[in-house]
Amino acid sequence: MVTKKTLADGVSLTVLPSTQFKTTRIVLNFIAPLQAETITQRSLLASLLETNSQDYPTQADLAAKLSAMYGANFGISVSKRGNTHVFSVVMTVVNDKFLPGETAVLTEGLAFLKQVLWRPNVSVGHFDTATFDREKTNMAAYLASVYDNKQAYASLQLQQLYFENSSAQRLPSFGNVNDLEPITASSLYRYYQQMLAHDQVAITVLGDVDVSAVTTLLADLPLAVRTVTQPTVFYQQALLDTVAEQTEVQPTNQAKLNLAYQVPTYYYQPDYYALLLANGIFGGSPMSLLFTNVREKASLAYYASSAYDAFRGLITVQTGIDATNVTRVKEIIAAQLETLQAGEFSDELLAQTRATIKNQYITGLDSAGNLTTQALVRQLVPEAAVSTADFIAALDAVSKQQIVAAAQTIKLQAIYFLSSKGGDK
């Protein structure tokens, strides 16, 4: 049975009991409102804190400690969901039951997390200068490398185009170069203290553990009472009067045509399952209309797919094409949406899409990472706390008419086109 506890105001614990894995996974999620001013700082912090601490002053020291804990894994990442930004500290240790003697790796692992997070490599109010400078340089190089990944670049440019009126939604979860430059070792440390003191904290432990013992161990973390003002997690944007369009010329071997569509349906709200199926039929599955008709039959794209962001009411289409075909590709993508909205798709395609979504859901139950992520999502969106049987039943209950109705709410809002000068040859 899932156990939920409040360790302090604004600090919660969810224990997911499971004998499915031989490991125990601990995730500390620091959750804050999504703000353009802090996204890059949080991303740099994730890199910095993974590198060293006062107790492990070099990356080699830190790696040696993880190795000594029977190869424990430790990492920090950032992500955003709608109007929230999540700073996730993840540690995975072998369950003590599978280790010889009176080993207490879980206890040791939580002590390690406490050391790394609350005893960072700091002196006189700022992060260690050498570590800070190195990680800032590394992050700048990483951000610059996104430019070389043309599909990732095109996706980010589409995001900037569509979310023109939201400085926070325009930014990727990992920040940008412009905001990185003014960050100093002192300013970042001050922000880190604010984050530790004020962010909502959602802790998840997955594994075959004693709930009482884990609760006692986690209560030792210096997570004080905090006042949490959690924003509405779903980001909603007014429908644009006209479709925003942007074309950019860059040297590239393959042109990228990306499109953004607004939908009024959010995670586990009414019509969520219908829209999940509509997106699967449109471009979200291997046998979708986009894949079959744009890529396979018309041979107009190297790839063509769609994705549904249920936290921002957004469906995006990604294609890699020959630039000379851009007009035809736009037409045929629009035709696929019209086909979906008219209900002119086969029962076989619907059955295949339904089966694919079910399979993806069930496969995710074998992933410890997916299970702890879902625990976080269920905290942000309580309606998402459905059983596997209920999920499958809800998916099965969606009619073709409901899918068509959901599809008819899909509205084109932005088109971004990236190609080399003169088009691809």
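Just so you know, these numbers use all the heavy atoms, side chains as well, and skip hydrogens, waters and symmetry mates.
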- Item | Atom pair OH (Tyr261) and CD1 (Ile410), whose distance is rounded to the nearest 0.5 Å | 8.5 Å

- Should the pair Phe311 and Phe234 be assigned to parallel (<30°), tilted (30 to 60°) or perpendicular (>60°) ring geometry? tilted

- Ring center gap for Phe391 and Tyr273 short of 6.0 angstrom: yes

- Task: For atom CD of Gln193, decide whether the heavy atoms of other residues, nucleotides or ligands shown that lie under 6.0 angstrom number more than 12.
- Result: yes

- Query: Of the options Leu16, Leu13, Val2, Val15, which is the one that meets Thr204 in a side chain to side chain contact (heavy atoms under 4.5 Å, CB included)?
  - Reply: Leu16

- Lys5 NZ: over 12 foreign heavy atoms closer than 6.0 Å: no

- Looking only at heavy atoms, the pair that brings Ser12 and Gln379 closest together is OG-NE2, 2.8 Å

- Query: Which atom pair, heavy atoms only, marks the closest approach of Asn52 to Tyr56?
  - Reply: CB-O, 3.0 Å

- Query: Considering all heavy atoms of both residues, which atom of Val78 and which atom of Ala46 are nearest to each other, and what is their separation?
  - Reply: CG1-CB, 4.2 Å

- Message: If we check side chain to side chain contact (heavy atoms under 4.5 Å, CB included) with Phe132, which of these qualifies: Asn121, Thr137, Ile183?
- Response: Ile183

- Query: By side chain to side chain donor-acceptor pair (under 3.5 Å), which residues pair with Gln160, not counting sequence neighbours?
  - Reply: none

- Query: What are the two closest non-hydrogen atoms of Arg81 and Thr373, and how far apart are they?
  - Reply: NH2-CG2, 3.3 Å

- Item | Rounded distance (nearest 0.5 Å) linking atom CG of Leu340 with atom OG of Ser306 | 9.5 Å

- Query: So Tyr266 and Tyr272, ring pair (Phe, Tyr, Trp, His ring centres under 6.0 Å) or not? Walk me through it.
  - Reply: CA-CA 6 Å; Tyr266 293 81; Tyr272 169 70; over 10 Å; no

- Query: With a cut-off of 6.0 Å (strictly less than), are more than 12 heavy atoms of other residues, nucleotides or ligands near NZ of Lys22?
  - Reply: no

- Item | Heavy atoms of other groups near Tyr303 OH, more than 12 under 6.0 Å | yes

